[in-house]
Protein chains: 4
Amino acid sequence: MSPRAEATRRRLFEATMRLARSRGLVAVTVDEIAAEAGVAKGTVYYNFGSKDGLVEALLRYGVDLLAERLRAPASDPDPMAGLAAMVDAALVFMSEYPGFSQILVSELWRAPGRWQATLLPLRENIVLVLEDQLRRVAGAGRFPQGVPLRTAAAALFGTLLVVALDWLVFEPGRSREEVRDAVLALLAARAQ
Amino acid sequence: MSPRAEATRRRLFEATMRLARSRGLVAVTVDEIAAEAGVAKGTVYYNFGSKDGLVEALLRYGVDLLAERLRAPASDPDPMAGLAAMVDAALVFMSEYPGFSQILVSELWRAPGRWQATLLPLRENIVLVLEDQLRRVAGAGRFPQGVPLRTAAAALFGTLLVVALDWLVFEPGRSREEVRDAVLALLAARAQ
Amino acid sequence: MSPRAEATRRRLFEATMRLARSRGLVAVTVDEIAAEAGVAKGTVYYNFGSKDGLVEALLRYGVDLLAERLRAPASDPDPMAGLAAMVDAALVFMSEYPGFSQILVSELWRAPGRWQATLLPLRENIVLVLEDQLRRVAGAGRFPQGVPLRTAAAALFGTLLVVALDWLVFEPGRSREEVRDAVLALLAARAQ
Amino acid sequence: MSPRAEATRRRLFEATMRLARSRGLVAVTVDEIAAEAGVAKGTVYYNFGSKDGLVEALLRYGVDLLAERLRAPASDPDPMAGLAAMVDAALVFMSEYPGFSQILVSELWRAPGRWQATLLPLRENIVLVLEDQLRRVAGAGRFPQGVPLRTAAAALFGTLLVVALDWLVFEPGRSREEVRDAVLALLAARAQ
DNA sequence: CATGAATGAGTCTTCATTCAT
DNA sequence: TATGAATGAAGACTCATTCAT
């Protein structure tokens, strides 16, 4: 793909996320997306084939970016510090891309949804990163017993999403640190 | 309102929830809703005036029902048992109305959303019920310090939603008790 | 179907035939058809579901009408007179519906075409009517041997189409009788 | 024109005929033609300026080729043998270029059609070749009186087209000789 | 009261054409 | 000379809403 096309695609992603935040993917029109990105409508179809194609590529793009951000703190020697850094990284991502977070929370639990086939493996990606970290935390004896790590990781992902959105939508004045500490405090993953 | 009209309205609500579960409110058409409910399209307009009118009435109906279910366990003399019963009641509601839960998670954090004006006061209702219960738990010394009760209640509501949806969509085989215990274990409210 | 809907459909058929004559079905837009018929565009979709649906119904409508016209002279006791009357009936139909004739000649020999599945059985209908008549002519000893009746009937149908169109497009001044006699003279189906 | 360009143009012609056979000229896109011919889309515009330019060149190319094929048997000293050879040559051409034949039958009788201005003189060419031959047949006393030769030639052209298409589309198993003999038998030109 | 045929503004999509490289 | 990314006017189709019956 040419660098020019690459840039065009990224601009279409950003435009879509900005617009979908308040109205949802379905209610955003291709005309609006093209206008917001500063390209002609045909360009969307030249690059993605359809509105659905654009959405699918956007979901991949966003989730891959989030997973990459989450993976960075995994190497921290202190598991609890690493977990805190992951929570923080997630909050950073979600405040950078509130539109994408809104899209995720809207689309992730449809049964079956138009993009389930795309989203499921992507979600798996993220949950695995979190699960690995929780395993390290558990290995350090700092995770409550009785909850399967897979379940805890999935719950952590969902909780992060909704807490971040609560923060961004209803209490944008609070600092990221506050929110991060609240999440950690609400998780049982703190010292006994 | 006549009992017959009442029944028609309820059937339209149920049809809407069934259809919106996998596609979202915006993507569901009035034709489909009428067909699914077994009435003529004109009947929707006769009863609700518009699609938005139907949606608004549905949101009120669902949230009021959920709030009512949550309020019942508040009278339990043991705050922790009451909290557990509330979590359980929420899970019961969400498994009874998975479509409504999906609608909530899709619409609650739009900024600003088409139904924000309707949803915000309704959400307030639910969060307040949870906050009151958390206050009782805190009064019994069983809630970690440092997290404002309002924030904790809001987070609890979101977490309940996403954990319930995780359960219903991805692990429908698990029992409600398991899920409830996982939620309680993951909340710091199990301190001591 | 209500009489009102019936009338609407017929008007859409007539409008489509008028417009398709000079440009072909593909080049005619649904907007134009609706405007020509004096209804809103949505009415086309309410009645036929799609442009293709309209075209398919139109093909059925036109071919059935033609077959009906052709069947009338079959009862003539004189087979040659009956054949002449059939040729005449076909020419009458084609001069009444030149647009439909143009559609037929454009669509009949696509391989495979979008409406082949619809057209093939319809064409069979017409060819059978002609074949039956040729069989009566042959029974009276007035048809050359060596050409299968099926083939002759199919060829007669095609020839009628193109001769009628030659007449309507290039020599509209000639009378129908002249054209009919030319067709009959060019066919070997005349006295030996 | 360079030989290479000549080859490119011919490949675009062949691609267009292949694609237009089942869908018609209007429904075939420049993208498809370029892909089928194995060249970039820009090459079409480089060589023909527009889609219409390509189509016009194709019509000229095909009709000239057909006329050339038809002219060859005109020198046969036996007019009936020459006519039979012409019919045969036409059938050979149409079986070699079924797509072109389909284009002709679709476009020839539009009133007025997009390519009428191009097609009419071309058609005149072919009809004249046939008319000349019929004149020779009539000179030998083997053509029925009462049908103007111009009309008979035009009808013969149309009949050849539709009989050939009937053959190619509905009865591809039959031999060309059979079809040729059927055409001749059905023409009154076999008188005596 | 209820219906369903009809409406038309608004969407998604196509595709002939242009033009920078 | 050839390419293919980009364009935007135009076309197929949707769907909330209206209204005569």
Side-chain angles (χ1 to χ4, degrees), chain A residues 1-9 12 26-35 37-55, chain B residues 2 4-5 8 26-35 39-55, chain C residues 1-9 12 26-35 37-55, chain D residues 2 4-5 8 26-35 39-55:
Chain A
M1 191 186 317
S2 73
R4 185 187 175 196
E6 188 102 23
T8 300
R9 285 172 182 234
L12 284 167
V26 181
V28 172
T29 71
V30 175
D31 277 83
E32 290 170 322
I33 294 171
V39 300
K41 187 173 13 173
T43 302
V44 175
Y45 290 89
Y46 184 77
N47 279 283
F48 298 105
S50 68
K51 183 181 174 183
D52 271 25
L54 163 62
V55 170
Chain B
S2 77
R4 184 183 168 202
T8 298
V26 180
V28 171
T29 70
V30 176
D31 274 87
E32 289 170 320
I33 293 170
V39 301
K41 181 159 44 165
T43 303
V44 175
Y45 287 87
Y46 184 76
N47 279 281
F48 296 104
S50 69
K51 183 183 175 183
D52 269 26
L54 163 62
V55 169
Chain C
M1 191 185 317
S2 74
R4 185 187 177 197
E6 188 102 22
T8 299
R9 284 171 183 234
L12 284 166
V26 180
V28 172
T29 71
V30 175
D31 278 84
E32 288 170 323
I33 292 172
V39 301
K41 185 174 17 174
T43 302
V44 174
Y45 290 90
Y46 183 76
N47 279 283
F48 297 105
S50 67
K51 183 182 175 183
D52 270 27
L54 164 62
V55 169
Chain D
S2 77
R4 184 184 167 203
T8 299
V26 180
V28 171
T29 71
V30 175
D31 274 87
E32 289 170 319
I33 293 171
V39 302
K41 180 157 47 165
T43 303
V44 175
Y45 288 87
Y46 184 76
N47 279 281
F48 295 104
S50 69
K51 182 184 176 182
D52 269 26
L54 164 62
V55 169

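Each chain gets a letter, A, B and so on, in the order the sequences are listed, and its residues count up from 1.
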Closest-nucleotide ordering on DNA chain E, the 5'-leading residue of C:T8 and A:S50: C:T8
Restricting to side-chain hydrogen bond (donor to acceptor under 3.5 Å, both in side chains), what partner residues turn up for D:E32, sequence neighbours left out? D:R23, D:T29
Under 4.0 Å, counting only non-hydrogen atoms across every strand here, what does A:V39 touch: a base, just sugar-phosphate, or nothing? sugar-phosphate
Residues in side-chain hydrogen bond (donor to acceptor under 3.5 Å, both in side chains) with D:N47, at least two apart? none
Take D:D52 and C:A5, find for each the nucleotide of DNA chain E with the closest heavy atom, and name the residue whose nucleotide sits nearer the 5' end. C:A5
It should be established whether C:R4 places a side-chain nitrogen or oxygen under 4.0 Å from OP1 or OP2 of nucleotide E:dT3. no
Pairing annotation in dot-bracket form, given for DNA chain F with Watson-Crick or G-U pairs under 3.5 Å and | for cross-strand partners: .||||||||||||||||||||
Holding to side-chain hydrogen bond (donor to acceptor under 3.5 Å, both in side chains), I want the full list of residues that pass it with B:D31, two or more places apart in sequence or in another chain. B:K41
With sequence neighbours left out, what residues match C:K51 under salt bridge (Lys or Arg N to Asp or Glu O under 4.0 Å)? none
Under the side chain to side chain contact (heavy atoms under 4.5 Å, CB included) rule, collect the residues that match up with A:V26, sequence neighbours excluded. B:V26, B:A27
Within residues 40-48 of chain C, the residues having a heavy atom closer than 4.0 Å to DNA chain E are C:A40, C:K41, C:G42, C:T43, C:Y46, C:N47
Contact boundaries on DNA chain F for chain D, cut-off under 4.0 Å to non-hydrogen atoms: F:dT1 to F:dA6
Please list, chain by chain and in numerical order, all residues satisfying ring pair (Phe, Tyr, Trp, His ring centres under 6.0 Å) with C:F48, sequence neighbours excluded. C:F13
Atom pair CG (C:D52) and OG (C:S50), whose distance is rounded to the nearest 0.5 Å: 5.0 Å
With a 4.0 Å heavy-atom cut-off, tell me which residues in residues 28-35 of chain B come close to DNA chain F, sorted by residue number. B:V28, B:T29, B:V30
At their closest point, which heavy atom of A:A34 faces which heavy atom of A:L12, and how far apart are they? CA-CD2, 4.5 Å
